[in-house]
Amino acid sequence: MAVDVALLERADRVGEAFLRLYRFDPACLSLGRNEAAGGYDRAAIARRGIDVVRRPTGGAAVWHEHELTYAVAAPIATFGGLRRAYQAIHARLATGLGALGMSPTLAVNRPLPPSTALSRPAGCFALSVGGEILVSGRKLVGSAQVRRGGAFLQHGSILLDGSQEIITAVSRKPQAASAATTLSAELGRQVTWEEVANAIMSAWGTGVTSPNLHEPPPTSITLFSDPAWTWRR
């Protein structure tokens, strides 16, 4: 999360655009920026030894295990607006994923959910919003945005395998049934992180830079490792 924010700051400062592909190690539960952490059972999370981080972007919880996380940091003008960026990025991702042998579609356009607290916990993959990537009507990619000055960060999770059921297991309240699917389930075979990363890079084209990853500012690392930030709501 700290690296993503560092790229956002650089995009705003010098006008560069970045595409970053990565994965979480160890597996991790991420909460949306304004999601109500009180809806999750911290004792159950501790018993399971689950790492938790709060994202700089909005939206709802995501379990990052068998997945590929992407991040795009760019000036808003690169895509002509935040809504256009949301759909354009998903369209590029869908092209790359389509090369693996499936037929992804974009969800019917509806207003993006506000970056505000949810009334109760509901995992990111429990519902889809306009412009998100679906396969056979089920959600494959969950994404969120944040704006800083004249730039934005959009990052999200592409599910390779597994499930989001652990979110339900550590929630204090009932959850909506997951509407998620995975690449492995849709293709009927095991899909690797490297395979998906290569497909996305091949389809992406020009206009972004693959960042030379660097250590983010210590203050940013401190923020995302601080329990006061993680459990602030």
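Nothing fancy with the numbering, it's 1 onward along the sequence. Note that the structure is a prediction, hence the values are computed from the model and not measured.
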Would you give the length of the straight line joining atom [atom1] of [X] to atom [atom2] of [Y], rounded to the nearest 0.5 angstrom?
X	Y	atom1	atom2	answer
Ile200	Leu68	CD1	CG	5.0 Å
Phe152	Ile89	CZ	CD1	4.0 Å
Leu7	Glu16	CG	CD	9.5 Å
Ile76	Arg84	CD1	CZ	13.0 Å

Worked verdict on His155 versus Tyr22 for side-chain contact (heavy atoms from CB on, under 4.5 Å) = CA-CA 11 Å; His155 58 189; Tyr22 60 98; 4.0 Å; yes

task = Could you point out which residue of Leu183, Ile133, Leu93 forms a side-chain contact (heavy atoms from CB on, under 4.5 Å) with Pro104?
result = Ile133

Is it true that a side-chain atom of [X] and a backbone atom of [Y] form a donor plus acceptor pair closer than 3.5 Å?
X	Y	value
Gln145	Leu82	yes
Asp41	Ser171	no
Arg10	Asp12	no
Trp204	Arg92	no
Arg33	Pro56	yes
Arg233	Ala36	no
Arg54	Glu35	yes
Lys139	Cys124	yes
Ser136	Arg138	no
His66	Gly162	no

query = If you count the non-hydrogen atoms of other residues, nucleotides and ligands that lie under 6.0 Å from CD in Glu195, is the total more than 12?
reply = yes

inquiry  = Can you confirm whether more than 12 heavy atoms, excluding those of Arg232, are under 6.0 Å from its CZ atom?
reply    = yes

Can you find a pair of side-chain heavy atoms, one from [X] and one from [Y], that are under 4.5 Å apart?
X	Y	answer
Gln154	Thr57	no
Trp231	Val52	yes
Ile167	Leu29	yes

On a heavy-atom basis, which atom in [X] and which in [Y] lie closest, and how many Å separate them?
X	Y	answer
Asp51	Pro26	OD2-CG, 3.1 Å
Pro75	Ala11	CG-O, 4.0 Å
Arg48	Ala169	NH2-CB, 3.5 Å
Asp161	Gln190	OD2-NE2, 3.0 Å

Test side-chain contact (heavy atoms from CB on, under 4.5 Å) applied to Leu160 and Trp193, step by step = CA-CA 8 Å; Leu160 308 184; Trp193 188 95; 4.2 Å; yes

Determine whether [X] and [Y] fall in the same hydrophobic cluster, where Ile, Leu, Val, Met, Phe, Trp and Tyr are linked whenever their side-chain heavy atoms lie under 4.5 Å apart.
X	Y	result
Phe24	Leu223	yes
Leu187	Leu97	yes
Leu106	Leu134	no
Val146	Leu19	no

NZ/NE/NH1/NH2 to OD/OE distance under 4.0 Å, Glu194 and Arg23 = yes

request  = Sequence neighbours left out, what passes side chain to side chain donor-acceptor pair (under 3.5 Å) with Gln164? Give chain and number order.
outcome  = none

request  = Kindly confirm or rule out a cation-pi arrangement of Arg42 over Tyr40, judged by NZ or CZ under 6.0 Å from the six-membered ring centre and within 45° of its axis?
outcome  = no

Ignoring hydrogens and angles, state whether a donor on the side chain of [X] or [Y] is under 3.5 Å from an acceptor on the partner side chain.
X	Y	value
Glu67	Thr69	yes
Ser157	Tyr70	no
His64	Ser30	yes

key: Contacts of Arg148 that satisfy salt bridge (Lys or Arg N to Asp or Glu O under 4.0 Å) - sequence neighbours left out   = Glu9

ask   = Can Val3 and Arg20 be said to form a side-chain contact (heavy atoms from CB on, under 4.5 Å), step by step?
value = CA-CA 10 Å; Val3 171; Arg20 178 185 179 217; 3.5 Å; yes

ask   = Given the rule in the side-chain contact (heavy atoms from CB on, under 4.5 Å) test, do Val72 and Leu153 qualify, once you have shown the distances and angles that lead to the verdict?
value = CA-CA 6 Å; Val72 176; Leu153 165 68; over 6 Å; no

task = Give me the ring orientation class for Tyr86 and His90: parallel if the planes are under 30° apart, tilted from 30 to 60°, perpendicular past 60°.
result = perpendicular

